[in-house]
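Just below is one structure, and these are the notes that go with it.
Computed from heavy atoms alone, side chains included, the values below leave out hydrogens, waters and symmetry copies. Letters A, B, ... are given to chains in the order of the sequence lines, protein chains preceding strands, and every chain is numbered from 1.
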2 protein chains.
Amino acid sequence: MTAQTSLTSRLADEIVDLIVDGGLRPGDALESSRALAQRFEVTTPTVREALRRLEATDVVQFRHGSGTYVGAGFERRMVVNQHAGRDSIEELIATRLLLEPSIAAEAARCRTDVDLEVLEGALTNALTPQRGDERPALHFHVAVAAATGNRLVAETLEALLHLRSREQVQIRHRYDDRERDHAEHEQILEAIRVGDADRASELTSSHLQSIRDVLVDGSAGKGAK
Amino acid sequence: MTAQTSLTSRLADEIVDLIVDGGLRPGDALESSRALAQRFEVTTPTVREALRRLEATDVVQFRHGSGTYVGAGFERRMVVNQHAGRDSIEELIATRLLLEPSIAAEAARCRTDVDLEVLEGALTNALTPQRGDERPALHFHVAVAAATGNRLVAETLEALLHLRSREQVQIRHRYDDRERDHAEHEQILEAIRVGDADRASELTSSHLQSIRDVLVDGSAGKGAK
DNA sequence: GTCACGAAAGTGACTAGATCACTTGATGAC
DNA sequence: GTCATCAAGTGATCTAGTCACTTTCGTGAC
């Protein structure tokens, strides 16, 4: 049960731990590949695989002939992977509450007929339980962002929702009022359809607020599990 | 001149090209490691390093014993690395225009005295030309996002500005009216200081709009360099 | 004393050829 | 028809190196 994950994955995590424990900051040098290989009792190619993975998000940087150094992505990782307490979930909802109303308003202004079809599709998909299908059913809120016609907006929101995806499941577990969820989504869609930006914004805001309320009440009133 | 970059980096790019050229979509299988190694005339550990790098952003996924598959991150990469034309810069500005006014408003509501000091620091740093110092001077707009007290908001905006960082330099090159930039930042800061959310939002909006205008005029009027 | 040069040590980059572990699909017994 | 079995394909990792680059530090010229 310790780990179904690969040796390389664990290794990457352990290297991050090493950076944390050592109090290293961006710019500081890590141990050499060979030293790391010895420390973790693996071979250098394996260490390098783990480091490459970390390099991709700039957690570490290679400098040929010089050494391996902590990169700026390290601190970013610390923020992103912060312990998944209630704070981080509330932080996520707060962020969405800040950004999504504007996005919904813009969607109401810019949406095309095709966007509307996609939104309707996302809405019906949400009701049918996930099939064995690979496609994880386009998230309604991402579909709204896509309806702005700006791919970067959609991408940003998707990245945001992808974060803390585990906690998002928790939210759904609590906020299990599917009918209400669907009804609110439908209202938002209607506002976008008729191009009422203000109403789309307000509805999105109150929708997220109600989710937040459930969350806060739940954490205050309910015990574990 | 062909490439100062490492073999692994080039290899990662070439594998992505291979996915693109092959018309592969998320879920499709890649060639085996051995086949890739043969194709590119490198050894398997090298291929694996390149693949690990791509795995970090979910461009590919490993399935032990089964194969290597294209992941959801592939399409994301396509969006992020789309050819850096004017469209993508305008898209970025449009996104910022959509998100940052709300953030500035929230900052005006939530900022602490410490946040104000940080903002002032970011403002003066922007005027002094970059020193040899490693720290790349906290971006004013990121500092505003941080003043919301929500780390996730700051992180999101930072990620956004980090994208297309090359093009951002272009923008600065055109929008070289440092004094005006600084003056507008100062106005925004003042609104945040006194807690005027509406004004902070409006000022941010007009600030970004003026940047966009310069950009659009520049692209229409000016030739290359 | 100062500074250019250059060898040596340390480090990452990559090679070469294996072995082990897991998945998958075909085969064959029941 | 169903299910256990097995073999081929693939990823995961190892062993044991060589090559290329950077940094350092000592040497010697000035």
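- Taking atom CD of residue B/Gln61 and atom P of nucleotide D/dT10, one finds them 18 Å apart after rounding to whole Å.
- Residue contacts for A/Ser32: at a heavy-atom cut-off of 4.0 Å it reaches the sugar-phosphate backbone alone, with no base atom in range.
- Among the heavy atoms of the strands lying under 4.0 Å from A/Thr46 are primed sugar atoms or P, OP1, OP2 only; no base atom is included.
- Between B/His141 and B/Ile103 there is no side-chain heavy-atom pair separated by less than 4.5 Å.
- The side chain of B/Leu7 lies closest to C/dC14, out of C/dG12, C/dC14, D/dT13.
- For the OP1/OP2 pair of D/dT10 and a distance below 4.0 Å, the side-chain nitrogens and oxygens of B/Ser33 include no atom meeting the criterion.
- With a 4.5 Å cut-off on side-chain heavy atoms, B/Val60 and B/Val70 do not count as touching.
- Atom CG of A/Leu11 is separated from atom C1' of D/dA12 by 13 Å (rounded to the nearest Å).
- B/Leu208 places a side-chain heavy atom less than 4.5 Å from the side chain of B/Glu100.
- In this model, the phosphate group of C/dC14 is approached by a side-chain N or O of B/Thr8 to a distance below 4.0 Å at OP1 or OP2.
- Ion pairing of B/Arg151 with B/Glu155 is absent here, as no side-chain N (NZ or NE/NH1/NH2) approaches a carboxylate O to less than 4.0 Å.
- Between the CZ atom of B/Phe40 and the C1' atom of C/dT15 there is a distance of 18 Å, given to the nearest Å.
- A/Arg25 forms no cation-pi arrangement with A/Phe74, by the criterion of a distance under 6.0 Å to the ring centre and an angle within 45° of the ring axis.
- Distance CZ (A/Arg48) to C1' (D/dC14): 16 Å, rounded to an integer number of Å.
- Stretches of at least 3 consecutive Watson-Crick or G-U wobble pairs, with each checked distance under 3.5 Å, appear in DNA chain D as C:1-30 with D:1-30.
- Look at CG on A/Leu36: it is 17 Å from P on C/dG10, rounded to the nearest Å.
- The cationic group of A/Arg10 does not satisfy the cation-pi geometry with A/Phe40, failing either the under 6.0 Å distance to the six-membered ring centre or the 45° limit from the ring axis.
- Once rounded to the nearest 0.5 Å, the distance linking CG of B/Leu157 with CG of B/Leu152 reads 11.5 Å.
- One interatomic measurement links the two molecules: CG of B/Leu51 to C1' of D/dT13, which rounds to 15 Å at whole-angstrom precision.
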field: Letter per nucleotide, 5' to 3', of nucleotides 19-26 of chain C [B base touched, S only sugar-phosphate touched, - untouched; heavy atoms, 4.0 Å]
entry: B-BBBS--
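- In this model, the phosphate group of C/dG12 is approached by a side-chain N or O of A/Thr68 to a distance below 4.0 Å at OP1 or OP2.
- More than 12 heavy atoms of other residues, nucleotides or ligands shown are found within 6.0 angstrom of CD on A/Glu14.
- For the side chain to side chain contact (heavy atoms under 4.5 Å, CB included) with B/Leu30, the qualifying choice from B/Leu54, B/Ile15, B/Leu18 is B/Ile15, the only one to do so.
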- prompt: Yes or no on side chain to side chain donor-acceptor pair (under 3.5 Å) for B/Thr44 and B/Ser33, after CA distance, side-chain angles and deciding distance?
  reply: CA-CA 6 Å; B/Thr44 44; B/Ser33 312; over 6 Å; no
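- One finds a side-chain N or O of B/Arg52 lying less than 4.0 angstrom from the OP1 or OP2 phosphate oxygen of D/dT13.
- The distance between atom CG of A/Leu30 and atom C1' of C/dG12, rounded to the nearest whole Å, is 13 Å.
- Counting to the nearest Å, the C1' atom of D/dA20 and the CZ atom of A/Phe62 are 16 Å from each other.
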